[in-house]
J.: 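If you scroll down you'll find the structure; I have some questions about it.
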Amino acid sequence: MPPKKSKTSDAKGPKTSSRKRKRENENDLPAKVEEKKSAVESYSHWIMKSEPESRFENGVDLKFGIEDLKKCKNQTDCWDGVRNYQARNFMRDQMKIGHKVFFYHSNCKEPGIAGICKIVKESYVDHTQFDSKDPHYDRSAKKDAPKWFMVDVKFERMLKRFIPLSELKSLHLSHKADGGTLKNMALFTRARLSVQPVTQEEWDFILNLENEEKT
DNA sequence: GCCAACGTTGGC
DNA sequence: GCCAACGTTGGC
């Protein structure tokens with residue numbers, strides 16, 4: 001596994017030391033709801049956010065754009081550093097080998113979708129939770145009870161053109177008015193989630209944009 | 001750099 | 001188990 005570099009990390013892992021109460025996984029959906037949900041909606045397409053511009057946390061550069069993924073061995077890397085329960089649950093419970101992912105650039109000059117990657121390894125323990133030097137260290141995670149998980153993603157291709165957030169946003173807004181495909185897109189309804197599901201219809205619609213002129 | 005939105009913490 | 005305070009995300 002390549003060393004240290006972190007994707008958009010969502011909320012920080014709990015930093016507190018002296019928890020009386022174990023709040024572990026409190027934000028998980030109750031088992032029943034979770035079962036029900038995944039029975040109803042099972043996703044095979046995703047958006048994963050990462051920061052393509054340098055930003056230092058604890059002296060570590062969090063930069064990891066699609067060009068960085070390309071440079072990895074086998075153009076593959078582990079998606080470590082996710083510290084949000086919903087994002088984790090998507091990775092842990094629903095991502096399967098072969099699923100397609102839009103690689104999204106966040107917290108940068110021009111946010112948007114840069115390319116496509118795919119899941120090549122399903123959920124396993126995110127080692128960075130145990131590493132006190134890592135910006136995403138979680139002191140509450142124990143080796144025998146890991147809290148955070150990751151998947152491996154492999155670069156597939158760049159989009160024919162970068163699809164900026166601004167374009168998706170204006171489509172989202174007009175689709176909200178006319179019932180179009182992107183009306184419920186998680187990118188806007190769940191803006192802070194760094195790992196989000198994309199419906200087949202949304203995926204096809206967005207992919208088609210790369211063939212069009214920028215509007 | 002600002003700050004709205006929203007997830008998390010922890011006292012009660 | 002509520003909810004105020006706090007912390008983070010990420011667009012702008």
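What you see below is based on every heavy atom in this structure, not just the backbone, and it leaves out hydrogens, waters and symmetry mates. Letters A, B, ... mirror the listed sequences (proteins, then strands); counts begin at 1.
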J.: Look at Tyr85(A) and dC6(B) and indicate whether a side-chain polar atom (N or O) is within less than 4.0 Å of OP1 or OP2.
T.: no
J.: Let me know the distance between CZ of Arg55(A) and P of dG10(C), rounded to the nearest Å.
T.: 9 Å
J.: Grab the CZ-C1' distance between Phe188(A) and dG11(C) for me, whole Å please.
T.: 11 Å
J.: Check the orientation of His105(A) and Phe162(A). Use parallel for under 30°, tilted for 30 to 60°, and perpendicular for over 60°.
T.: tilted
J.: Is any side-chain N of the basic residue among Glu156(A) and Lys70(A) closer than 4.0 Å to the acidic one's carboxylate O?
T.: no
J.: Atom NZ of Lys49(A) and atom P of dG11(C): how far apart are they, to the nearest Å?
T.: 6 Å
J.: Has Gln129(A) got a side-chain atom pairing as donor or acceptor with Asp138(A)'s backbone, closer than 3.5 angstrom?
T.: no
J.: Enumerate all atom pairs, one protein N or O and one N or O from nucleotides 2-5 of chain B, separated by less than 3.5 Å.
T.:
residue : atom : partner   : partner atom : Å
dA5(B)  : N3   : Arg192(A) : NH1          : 3.1

J.: Please name all residues satisfying side-chain contact (heavy atoms from CB on, under 4.5 Å) with Asn74(A), sequence neighbours left out, ordered by chain then number.
T.: Thr76(A)
J.: Can you check the Lys109(A) NZ to dG1(B) P distance for me, whole Å?
T.: 15 Å
J.: For a quick test of reading the model: is some side-chain N or O of Arg190(A) closer than 4.0 Å to OP1 or OP2 of dC6(B)?
T.: no
J.: Considering only dG11(C), dG10(C), dG7(B), which nucleotide approaches the side chain of Pro111(A) most closely?
T.: dG11(C)
J.: According to side-chain contact (heavy atoms from CB on, under 4.5 Å), who are the partners of Ser54(A), at least two apart in sequence or on a separate chain?
T.: Phe56(A), Asp61(A), Lys63(A)
J.: Check whether any side-chain N or O of Lys169(A) sits under 4.0 Å from OP1 or OP2 of dC12(C), and answer yes or no.
T.: yes
J.: Taking atom P of dG11(C) as reference, at what distance in whole Å does atom CD of Glu110(A) sit?
T.: 11 Å
J.: Measure from CG on Leu165(A) to C1' on dG10(C) and round the result to the nearest Å.
T.: 10 Å
J.: When the distance from CD1 of Ile47(A) to P of dG11(C) is rounded to whole Å, what number comes out?
T.: 11 Å
J.: Can you measure Trp148(A) atom CH2 to dG7(B) atom P for me and round it to whole angstrom units?
T.: 13 Å
J.: Is Arg83(A) salt-bridged to Asp126(A), going by a charged N under 4.0 Å from an acidic O?
T.: yes
J.: So, for Trp148(A) and Phe130(A), is the gap between ring centers shorter than 6.0 Å?
T.: no
J.: Sorted by first residue and then second, give each side chain to side chain donor-acceptor pair (under 3.5 Å) pair with at least one member in residues 171-188 of chain A; sequence neighbours left out.
T.: none
J.: Enter the inter-axis angle for the ends of the helix from dG1(B)-dC12(C) to dC12(B)-dG1(C) (five pairs per end, rounded to 10°).
T.: 10°
J.: Only counting residues at least two apart or in another chain, list the ones meeting side-chain contact (heavy atoms from CB on, under 4.5 Å) with Lys96(A).
T.: His99(A), Glu122(A)
